Amino acid sequence: MELTEKDLLGKTHYGLKIYAFILRSYYKGDNVISLSGRLCKPTKNPFKSDSLTLILEEIDQQFLFRDTTDEAFKGNPFDFAALHFNVSGQELLQLLNDKMHLNIGVNPWHKESDFKVEVIQEEPKPKRILPKFSYFKAPVKNTVPAKEVTILDVYHLIKYEFQEQTERLRTMSDKKEARAYKAANFDYVTFSGVFTRRSDKALVKHSGFLAIDFDHVADISALTGKLLTDEYFDTEILFTSPSGDGLKWIISIDITEHSHRDWFTSIKHYIEETYKLEVDNAGKDVSRACFLPYDLNIYLHPKYHH
């Protein structure tokens, strides 16, 4: 199968994971990427004597690189990978697919045969079914959903709505006052599925998503970079919490293999071991409510933009 750059960009968060994969090979254990919106903070450049001059920026759904000390040193993720692997073209794409375990074009149920070549006519790709959640109007004590929404609906709501409530909340210094205001004024969703009411017992259909809350994060941009380039979990959607000092990380889980609660327990342990961060235990509840803030820099997996 011939690979395309578009194939790899769709599996690597616009190429961000390609940079992270390569940079980790030079700087093991370091935080190689700190992302703020569409721009990464300067990081070490292994091709410029490890100087802290490498800049990554998302432009037209692709992270491009440049060096602050050399105008000629710039390009896309594949140019950067070519510098590391010293190959290009289809050979480079195949190498990245293998090394990063992207599994593009791999059918685990198909077995190669040396004796028979079967030509199968490709069928039209089925229309993508967007994950759905229950949407609840404020206040939080309202446990009856107003409607069902897709992940694209939530993305647009967070990116373009709720600015007034979010900005007002972030001016409140009194924690008790802020908590009461948030509970009374913020709409919310249940990222793990559709419900007849907000209760674990009222689940209609699980979305295959798990919401992880990080509270009181010291460096939002650094953690954003780490989560988007995590080796084991793809980010479906990621945004700053209403308070402004936390993150909401939504990832996929396979509930046919393990229960929602078992997934949460395992992922919580993984995060604590890997990132040395505490995770809000409320995520274990399948009907966990997630308030919707305003975040112009919300991240959505590239597959939903096509």
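Quick caveat, the model's predicted, so the values are computed rather than measured. Note that the numbering runs from 1 along the sequence shown for the chain.
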Check: Asp30 side chain, Val32 main-chain N or O, donor-acceptor pair, under 3.5 Å = no

Compute the ring centroids of Tyr299 and Phe239, then answer whether they are less than 6.0 Å apart.
-> no

Please work out whether the ring planes of Phe47 and Phe73 are parallel, tilted or perpendicular, with thresholds of 30° and 60°.
-> tilted

Heavy-atom neighbours of Lys132 NZ exceed 12 at 6.0 Å = no

Under a 4.5 Å cut-off applied to non-hydrogen side-chain atoms, are Ile298 and Val154 in contact?
-> no

Are Phe191 and Phe209 an aromatic pair by the rule of ring centers under 6.0 Å?
-> no

Quick one: do Lys17 and Asp234 make a salt bridge, cutoff under 4.0 Å?
-> yes

Test salt bridge (Lys or Arg N to Asp or Glu O under 4.0 Å) applied to Lys159 and Asp295, step by step | CA-CA 5 Å; Lys159 190 164 186 175; Asp295 184 359; over 6 Å; no

Residue pair Asp50 / Tyr27, side-chain donor-acceptor N/O under 3.5 Å | yes

What one should report as the nearest heavy-atom pair of Tyr188 and Asn142 is OH-O, 2.6 Å

Take Thr166 and Leu169 through the test side chain to side chain contact (heavy atoms under 4.5 Å, CB included) and record every step on the way to the result.
-> CA-CA 5 Å; Thr166 302; Leu169 175 68; 5.8 Å; no

Answer yes if the side chains of Asp67 and Thr53 hold a donor-acceptor pair under 3.5 Å, and no otherwise.
-> yes

With side chains defined as the heavy atoms from C-beta onward, is the minimum distance between Phe291 and Pro242 less than 4.5 Å?
-> yes

Any chain of hydrophobic side-chain contacts (each under 4.5 Å) joining Leu96 to Tyr26?
-> yes

Do Asp7 and Thr4 have a side chain donor and acceptor closer than 3.5 Å?
-> yes

Compare all side-chain heavy atoms of Pro77 with those of Leu9 and state whether any distance is below 4.5 angstrom.
-> yes

Asp187 versus Ala138, closest heavy-atom pair with distance | OD1-N, 2.9 Å

Leu277, Ile220, Asp245 screened by side-chain contact (heavy atoms from CB on, under 4.5 Å) with Phe214, the one that passes = Leu277

Take Arg261 and Asp285 through the salt bridge (Lys or Arg N to Asp or Glu O under 4.0 Å) test and state the conclusion after the steps.
-> CA-CA 7 Å; Arg261 187 160 293 214; Asp285 299 326; 3.3 Å; yes

Can you tell me if CG on Asp254 sees more than 12 non-hydrogen neighbours from other groups inside 6.0 Å?
-> yes

Do Asn31 and Tyr275 get their side chains close enough for a donor-acceptor pair, meaning under 3.5 Å?
-> no

Closest contact, heavy atoms only, Val286 versus His260 = CA-NE2, 3.7 Å

CZ of Phe63 to CD1 of Ile55: how many Å apart, nearest 0.5 Å?
-> 12.5 Å

For the ring pair Phe233 and Tyr270, is the centre-to-centre distance below 6.0 Å?
-> yes

If you round to the nearest 0.5 Å, how far is OG of Ser134 from NZ of Lys205?
-> 12.5 Å

Are Ile104 and Leu3 side-chain neighbours, meaning at least one heavy-atom pair lies under 4.5 Å?
-> yes

Compute whether any side-chain donor of one residue and acceptor of the other, for Thr190 and Ser192, lie under 3.5 angstrom apart.
-> no

Residue pair Ser49, Ser51: steps toward the side-chain hydrogen bond (donor to acceptor under 3.5 Å, both in side chains) verdict = CA-CA 5 Å; Ser49 303; Ser51 59; over 6 Å; no

Indicate whether the side chain of Ser287 and that of Arg197 have a donor and an acceptor atom separated by less than 3.5 Å.
-> no

Tyr181 side chain reached by Lys176 side chain, heavy atoms, under 4.5 Å = no

Are Leu83 and Leu8 connected, step by step, through hydrophobic side chains (Ile, Leu, Val, Met, Phe, Trp, Tyr) whose heavy atoms are closer than 4.5 Å?
-> yes

Transitively linked via ILVMFWY side-chain contacts under 4.5 Å: Leu228 with Tyr19?
-> yes

If you group Ile, Leu, Val, Met, Phe, Trp and Tyr by side-chain heavy-atom gaps below 4.5 Å, do Met172 and Leu292 land in one group?
-> no

Mind checking the CD1-CG spacing from Ile271 to Asp230? Nearest 0.5 Å is all I need.
-> 8.0 Å

Do you see a donor-acceptor pair shorter than 3.5 Å between the side chains of Glu167 and Gln163?
-> yes

Taking the side chain from Ser266 and the backbone from Trp263, do they hold a donor-acceptor pair closer than 3.5 Å?
-> no

Test item: Asp262 side-chain N/O and His258 main-chain N/O as donor-acceptor pair under 3.5 Å = no

Criterion side chain to side chain contact (heavy atoms under 4.5 Å, CB included) on Asn76 and Glu5, from CA distance to verdict = CA-CA 10 Å; Asn76 63 30; Glu5 292 184 355; 4.3 Å; yes

Any side-chain heavy-atom pair of Ile267 and Ile253 under 4.5 Å = yes

Looking only at side chains, do Tyr14 and Asp60 share a donor and an acceptor under 3.5 Å apart?
-> no

Linking I/L/V/M/F/W/Y whenever their side-chain heavy atoms sit closer than 4.5 Å, directly or via other members, would Val149 and Tyr160 fall into one cluster?
-> no

Do Phe186 and Val140 pass the side chain to side chain contact (heavy atoms under 4.5 Å, CB included) test, and can you show the C-alpha distance, the side-chain angles, and the key distance before you say yes or no?
-> CA-CA 8 Å; Phe186 279 76; Val140 72; over 6 Å; no

Using a 4.5 Å cut-off on heavy atoms from C-beta on, say whether the side chain of Lys99 contacts that of Phe21.
-> yes

Do other residues, nucleotides or ligands put more than 12 heavy atoms under 6.0 Å from the CD atom of Glu278?
-> no

Got a sec: does the CD of Gln90 have more than 12 other heavy atoms crowding it under 6.0 Å?
-> yes

To the nearest 0.5 Å, what is the distance between CG (Leu56) and CZ (Arg38)?
-> 14.5 Å

The single option from Arg288, Lys268, Lys248 passing salt bridge (Lys or Arg N to Asp or Glu O under 4.0 Å) against Asp280 | Arg288

Parallel, tilted or perpendicular: which fits the ring planes of Tyr304 and His301, with parallel below 30° and perpendicular above 60°?
-> perpendicular

Measure the spacing between NZ of Lys74 and CZ of Arg66 and express it to the nearest 0.5 Å.
-> 10.0 Å

Could you verify whether a donor N or O on one side chain and an acceptor N or O on the other, from Lys41 and Ser221, lie under 3.5 Å apart?
-> yes

Out of curiosity, Ile18 CD1 to Leu23 CG, how far, rounded to the nearest 0.5 Å?
-> 11.5 Å

Return yes if some donor-acceptor pair links the side-chain N/O of His269 with the main-chain N/O of Thr265 below 3.5 Å, else return no.
-> no

Evaluate side chain to side chain contact (heavy atoms under 4.5 Å, CB included) for Leu210 paired with Ile212, printing each intermediate quantity in order.
-> CA-CA 7 Å; Leu210 178 69; Ile212 302 292; 3.9 Å; yes

Pair Tyr294-Gln165, side-chain donor/acceptor within less than 3.5 Å | no

